[in-house]
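Here is the naming used below: chain letters follow the sequence lines, and residue numbers restart at 1 for every chain. Any value given below was found using the heavy atoms of this structure, including those in side chains, with hydrogens, waters and symmetry copies removed.
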2 protein chains.
Amino acid sequence: MSLRERKKLAAWRAIRTAALQLFEERGFEAVSVEEIAAAANVSRSTFFNYFASKEAVVFDQDPEQRDHWRAIMAARPADEPLWDSLAAILVGFNELLGDRIPLQRRLKDRSPALAQSSWDVVGEQFLTDVREWTASRTPEGDTMIATLQLNMSFAAQTTAYQTWGADESFDDYLRRLKHCLHQAGTGAMSPPASTSPS
Amino acid sequence: MSLRERKKLAAWRAIRTAALQLFEERGFEAVSVEEIAAAANVSRSTFFNYFASKEAVVFDQDPEQRDHWRAIMAARPADEPLWDSLAAILVGFNELLGDRIPLQRRLKDRSPALAQSSWDVVGEQFLTDVREWTASRTPEGDTMIATLQLNMSFAAQTTAYQTWGADESFDDYLRRLKHCLHQAGTGAMSPPASTSPS
DNA sequence: CAGAATTTTGGACTGCGTGCAAATATGTAC
DNA sequence: GTACATATTTGCACGCAGTCCAAAATTCTG
């Protein structure tokens with residue numbers, strides 16, 4: 001790893017930690033990009049060299065994390081049913097994010113702007129990667145069914161996130177995620193009536 | 001309907017038609033709010049009185065439409081399974097939107113900014129209304145399962161939209177939407193292998 | 001150490017979205 | 001219709017996100 005690369009990574013992390021710190025202290029909207037840059041000892045321009053937008057600094061993942069989830073994807077056996085793979089990938093991804101998710105949650109709760117950022121939890125990069133991965137594992141004519149399963153797995157993820165009560169732990173969240181994935185897998189209308197656990 | 005209300009509606013429509021016209025001619029990004037306001041014979045301030053953002057003018061629905069989809073929601077029998085209701089509501093909503101959807105599609109295809117607006121197809125208002133409707137029909141402990149079904153129905157909608165080929169008609173899109181809803185209802189992993197129709 | 005390649009920086013610029021107070025239009029009561 | 005209350009429109013100023021570009025600064029290569 002060359003000096004350049006090390007410095008790049010360091011700058012990326014300096015910006016992100018500075019930003020998150022400020023966001024936690026004063027809320028997303030109340031912090032300007034200028035302030036973030038200043039806190040990270042970088043120019044405003046440099047901030048935009050690393051992050052496409054102010055929101056990206058909340059949702060983008062550490063470059064090293066990216067390698068991890070790519071490994072997770074690559075590890076799925078080629079003959080595994082798509083849905084099972086997607087479920088495993090999403091769970092793995094969430095475990096990977098770990099304690100960063102609560103932070104995102106805290107910020108979102110306080111910020112209208114962040115609240116309706118298209119990307120919840122899963123950042124832009126992961127979305128792109130998992131789309132690509134799905135496409136690579138989908139035979140010619142099945143692209144619709146594959147897209148549907150992909151979107152359904154995200155629906156499960158979103159649901160777990162949305163119904164994550166303020167008093168619940170991260171493990172509770174993970175459990176619910178798995179439950180939602182299972183439920184989505186077996187079908188939305190499978191239970192004729194009340195089948196809500198825990 | 002008072003004069004005020006009639007004028008309001010007229011202004012709303014004037015702004016939207018002017019905006020859509022300009023967007024079609026020159027693309028979403030290339031048109032400024034000032035230009036839209038000018039084309040609609042209104043001040044810039046007034047534009048923001050009616051639309052919360054430049055994007056909202058693409059996704060917000062005509063106030064009268066809102067009454068229509070509310071009627072659709074109200075018409076669902078109280079004892080119908082949630083999933084069936086949601087499916088019917090979404091189909092009804094899309095039929096209602098009708099030829100406006102292709103327009104949105106055309107704009108989105110040309111505009112990166114629009115492309116990743118959180119709201120695809122279904123605008124903010126419909127989202128809010130259908131959330132509220134769902135909540136009103138959900139017993140105390142079933143909020144997670146209800147949220148999941150809601151999100152899954154949107155996943156089906158999104159999928160139909162994403163896989164809508166440029167050469168396909170609006171009816172093809174509607175057909176695919178129904179198919180996706182059915183598929184999502186019976187479960188993501190139901191087909192062990194290739195089961196893609198048409 | 002010299003020159004190529006990449007990154008950082010500052011500065012100017014466009015345009016969205018907000019806030020506010022003055023002007024204008026509509027509704028209401030007499 | 002005149003007078004007053006209420007709602008809407010308008011202009012103006014402001015902050016700030018995001019883009020572009022050319023000049024510095026830094027790292028890489030030999």
Does A:Trp133 use its side chain to pair, donor to acceptor, with the backbone of A:Met73 at less than 3.5 Å? yes
Polar side-chain atom of B:Asn94 near backbone of B:Leu90 as donor-acceptor pair, under 3.5 Å: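 A pair under 3.5 Å: yes.
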May I have the distance from [X] (atom [atom1]) to [N] (atom [atom2]), rounded to whole angstrom?
X        : N      : atom1 : atom2 : value
B:Phe28  : C:dG15 : CZ    : P     : 13 Å
A:Glu5   : D:dT26 : CD    : P     : 20 Å
B:Phe47  : C:dT18 : CZ    : C1'   : 14 Å
A:Ile36  : C:dT9  : CD1   : P     : 15 Å
A:Leu114 : D:dA17 : CG    : C1'   : 14 Å
A:Met1   : D:dT27 : CE    : C1'   : 15 Å
B:Glu29  : C:dC16 : CD    : C1'   : 13 Å
A:Phe48  : D:dG18 : CZ    : P     : 5 Å

Could you check whether [X] gets within reach of a base, just the sugar-phosphate, or nothing at all, counting any heavy atom under 4.0 Å?
X       : answer
A:Phe51 : nothing
B:Ser45 : base
B:Tyr50 : sugar-phosphate

A:Ala11 or B:Glu34: which one's nearest nucleotide on DNA chain C is closer to the 5' end?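 Between the two, 5'-proximity favours A:Ala11.
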5' priority, DNA chain C, between B:Ala30 and A:Asn41 [closest heavy atom]: A:Asn41
For [X] and [N], is the shortest distance between a side-chain N/O and OP1 or OP2 below 4.0 Å?
X       : N      : answer
B:Ser2  : C:dT26 : no
A:Lys8  : C:dT7  : yes
A:Ser32 : D:dG15 : no
A:Ser43 : C:dT9  : yes

Nearest to the side chain of [X], heavy atoms from C-beta on, is which of [options]?
X       : options               : value
B:Arg4  : D:dA7, C:dC16, C:dT7  : D:dA7
A:Asn49 : C:dT9, D:dT10, C:dT18 : C:dT9
B:Thr46 : C:dG17, D:dT27, D:dT9 : D:dT9
B:Leu3  : C:dG27, D:dC28, C:dT9 : C:dG27

Any luck finding a side-chain donor-acceptor pair between B:Gln157 and A:Asn151 under 3.5 Å? no
Please compare A:Lys7 and A:Ser53 by the position of their nearest nucleotide in DNA chain D and report the one closer to 5'. A:Ser53
Hey, is the side chain of B:Arg44 pairing donor to acceptor with the base of C:dG15 inside 3.5 Å? no
So, under a plain 3.5 Å distance rule, would you say the side chain of A:Arg6 forms a donor-acceptor pair with the base of D:dT27?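 Donor-acceptor pair under 3.5 Å: no.
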Within one Ile-Leu-Val-Met-Phe-Trp-Tyr cluster: A:Leu9 and A:Leu96, side-chain cutoff 4.5 Å: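 Different clusters.
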Verify the ring-centre separation between A:Trp12 and A:Tyr50: is it less than 6.0 angstrom? no
Given the ring of B:Phe28, does B:Arg110 sit roughly above its face, with NZ or CZ under 6.0 Å from the centre of the six-membered ring and within 45° of the axis?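 Verdict for B:Phe28: no cation-pi partner in B:Arg110.
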